[in-house]
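Report on the structure given below.
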Amino acid sequence: MSEKATISSKNSAEDSEDEGPLSSTIKMRSGGEPSVKKEIEEKPLASEATQNGSIKKENEQLNSPKALNKRLLGDSSTPTQSSVKKPRLSESSVSAKAKQVSVKAEVKTEDDDDDDDDDVPIAERLKKAAVAAGTSQPKKKTITKVVSSSLKTSKKSKKIIKKSQYSKSIKLQPSSGDGQKWTTLEHNGVIFPPDYTPHGVKMLYNGQPVDLTPEQEEVATMFAVMKDTDYATKEKFVENFMNDWRGVLGRNHIIKKFELCDFTPIYDWHQREKEKKKQMTAEEKKALKEEKMKLEEKYMWAVVDGVKEKVGNFRVEPPGLFRGRGEHPKMGKLKRRIRPSDITINIGKGVPVPECPIPGQRWKEVKHDNTVTWLAFWIDPINSKEFKYVFLAASSSLKGQSDKEKYEKARLLKEYIHEIRVNYTKDFTNKDLAKRQIAVATYLIDKLALRAGNEKDDDEADTVGCCTLKVENVSLVPPNKIEFDFLGKDSIRYQNTVDVELPVYKAIGQFKNGKKDGEDLFDKLDTSKLNAHLKELMPGLTAKVFRTYNASITLDDQLHKNTKDGDVGLKVTTYNLANKEVAIICNHQRTESKSHTAQMGRLKDKMKELRDEVDKLKVDLERAKKGKPPVKEYDDEGKEKVKRNLAPDAYQKKINSTNAKIEKMERDMSTKEELKTIALGTSKINYLDPRISVAWCKRHEVPIEKIFNKSLLAKFAWAMDVDPSFRF
DNA sequence: GCCAGCACTTAGGACGGGGTTA
DNA sequence: TAACCCCGTCCTAAGTGCTGGC
């Protein structure tokens with residue numbers, strides 16, 4: 001069970017029949033087909049119009065007959081042959097279908113209210129429903145075409161955007177339809193961690209120092225340095241560690257029982273080393289850093305189709321003890337050292353194969369597969385069914401292209417969401433149990449942004465997603481609430497009580513009926529069935545698209561509704577609040593920092609000091625008004641403090657400025673408290689279409705650097721030239 | 001239709017640098 | 001000057017989803 005606080009639900013009880021998922025107006029054809037096919041072929045998509053035509057180009061490419069090529073079954077292990085894989089449907093189909101979707105290019109102004117609730121996440125609409133009952137239909141400005149150049153960015157905002165060295169956009173090459181990811185690829189392979197250097201510090205066994213070989217000492221040290229982590233106290237961790245360590249120690253070694261092991265001498269040695277490192281002068285640290293840089297420089301870059309791109313993880317993982325999350329059955333197992341003979345390299349044909357950095361050794365294999373993006377991989381030593389890949393960095397064009405496609409797919413869902421909701425609502429009462437389960441699962445994924453929930457093996461932590469929810473994870477709370485309590489990805493607890501439509505409540509009751517704890521709630525369903533069904537509703541649609549859609553549309557909606565005139569600081573606060581809403585929806589949590597309570601305590605003390613100061617200043621102000629000197633004050637040693645006589649105006653000024661400090665501090669404290677277990681970064685990196693943020697910054701003259709750090713600016717370079725009118 | 005293999009995205013925590021404060 | 005704290009970066013685990021083969 002996670003120790004983290006649970007994010008409380010924002011889903012409220014206003015989930016009435018009228019304001020449910022189906023209440024909103026939609027742009028649909030009477031036949032139920034989304035939007036206007038003919039119109040589209042003549043007019044660009046709204047998004048196309050804002051993308052300098054680049055998307056249209058993509059669609060053409062993805063639509064090409066080449067996209068239907070099948071995978072050729074070549075011997076991919078032969079270095080001279082590259083396997084050509086069948087492109088994923090999702091890559092081609094979304095863009096292809098995109099042509100069939102509506103669109104009159106519409107621009108909603110900041111003043112416009114949303115009149116189409118299907119463009120808003122359900123959770124938000126539920127909240128809105130209570131407030132908005134009886135509100136009049138808002139107006140929407142419709143124009144025939146949006147061309148980026150026709151929308152003027154104000155001079156000032158242009159300047160702000162231009163000022164940023166990262167604001168230049170990159171033009172992404174559309175991904176080809178045949179699954180080919182690159183034409184030429186050059187890189188220098190991977191770098192290995194240094195060999196183990198024995199320290200010679202002896203651990204104790206049964207109180208006596210023990211001699212260990214370097215290999216045995218290395219594993220002992222891995223455990224010793226984790227002595228003060230939670231892992232070291234977990235039975236499973238210790239058990240797995242001891243089993244693997246015994247293998248290294250050999251059958252006849254004196255060390256048998258963990259209880260008799262004392263790793264303290266090694267732990268202390270490690271602490272001293274850490275301290276030594278800390279005590280190094282700035283110059284020494286700099287020199288060390290430069291040396292490391294020199295060693296690594298050549299591995300940091302790849303050249304893809306003639307463009308120099310950063311490599312993401314060019315360092316091979318060092319050996320260690322496996323740190324699985326939650327109650328992972330393999331925690332503590334020895335993750336052995338990876339050697340060149342474990343590594344498969346992928347590189348362009350006709351360019352030099354990276355030299356193996358360890359003399360006398362060689363790569364396991366060299367491939368030339370241009371249908372994949374990995375530069376190297378090795379088999380995970382903890383789970384031999386899995387691979388560890390070396391990919392390009394997030395800032396690379398390849399990653400950028402795929403990121404953009406992800407957001408375009410989520411935007412496409414906007415066009416289909418109404419029909420999808422109509423569809424699943426109808427099926428809440430379907431006689432076919434499988435259909436009923438699909439309907440309810442889709443509803444939960446849409447409404448609560450739950451993950452799909454693939455099946456898991458027994459040798460993984462016991463976590464669930466939507467399709468793998470167990471009977472005990474879901475409780476009925478009459479008359480129509482459902483309480484969720486389960487461990488999701490990374491064993492993060494999801495605890496939420498939500499109002500649901502009555503048919504959903506009844507259906508879940510039926511699914512639970514006659515089942516015991518530990519049994520699947522959706523016994524007729526798994527992720528492949530669910531995704532197959534979703535694909536019938538929209539090309540390329542899968543469960544995870546709903547998370548992207550919900551997150552991005554929530555940000556867009558919140559920014560649209562809540563941005564007020566004011567200084568940049570205020571606007572950034574508005575942004576962060578919107579970001580927080582998204583993090584709550586996606587259940588992005590972090591562990592409360594160990595020092596949080598102490599930090600809050602210190603802030604409270606400081607606040608009290610400031611308040612006392614204001615009280616004293618008020619007294620002195622009254623005295624000054626009467627021409628009296630300020631009240632005498634004494635320090636800890638009883639010596640009188642020097643206090644100047646000030647004019648009443650000066651006291652008032654001081655009071656005002658101290659009050660301002662108090663107000664700021666109150667705001668900071670409440671933000672700190674609210675965000676102590678909420679992680680904002682995850683959604684910003686993975687779920688929020690960066691074009692929403694960039695366009696909002698342009699419209700409101702907020703420097704983009706206030707929203708994106710250096711890494712994000714690089715990752716989202718492709719989004720920087722978005723038109724200011726862009727809406728998700 | 002199912003499963004295993006594969007390729008990729010999404011995720012939280014560790015760590016360290018640098019700015020701020022006492 | 002040290003302690004504190006924030007933030008960016010790195011690390012790698014843990015998900016999702018597609019495909020081919022049976």
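Nothing here was measured: the structure is a model prediction, and the numbers come from that model. Throughout, protein chains are lettered first and strands after them, A, B, ... in sequence-line order, and every chain is numbered starting at 1.
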Hey, which sits more toward the 5' end of DNA chain B by its nearest nucleotide, K385(A) or I685(A)? K385(A)
Do H187(A) and F314(A) have their ring centres less than 6.0 Å from each other? no
Taking NZ, NE, NH1 and NH2 as the nitrogens, is one of them in E327(A) or K236(A) under 4.0 Å from a carboxylate oxygen of the other? no
Shortest side-chain distance from Q599(A), nucleotide among dC6(C), dT9(B), dC8(B): dC6(C)
Any ion pair linking D459(A) and K330(A) (charged N to carboxylate O, less than 4.0 Å)? yes
Can you give one letter per nucleotide of nucleotides 16-22 of chain B, 5' to 3': B if a protein heavy atom sits under 4.0 Å from the base, S if only from the sugar-phosphate, - if neither? ------S
Residues K404(A) and D689(A) bridged, charged N to O under 4.0 Å: no
Counting any heavy atom closer than 4.0 Å, what does G488(A) reach on the DNA or RNA strands: base, sugar-phosphate only, or nothing? sugar-phosphate
Which part of the nucleic acid does A461(A) contact within heavy-atom distance under 4.0 Å: base, sugar-phosphate only, or nothing? nothing
Note: E613(A)-K608(A) ion pair, threshold 4.0 Å (strictly below): no
Nearest heavy atom decides the nucleotide; on that basis, is T682(A) or F377(A) closer to the 5' end of DNA chain B? F377(A)
On the nucleotide dC8(B), are OP1 or OP2 found under 4.0 Å from the side-chain N or O atoms that K399(A) carries? no
Are Q279(A) and E275(A) close enough that a side-chain donor and a side-chain acceptor fall under 3.5 Å? yes
Taking the side chain of K388(A) as heavy atoms from C-beta outward, which of dT12(C), dG12(B), dG17(C) is closest to it? dT12(C)
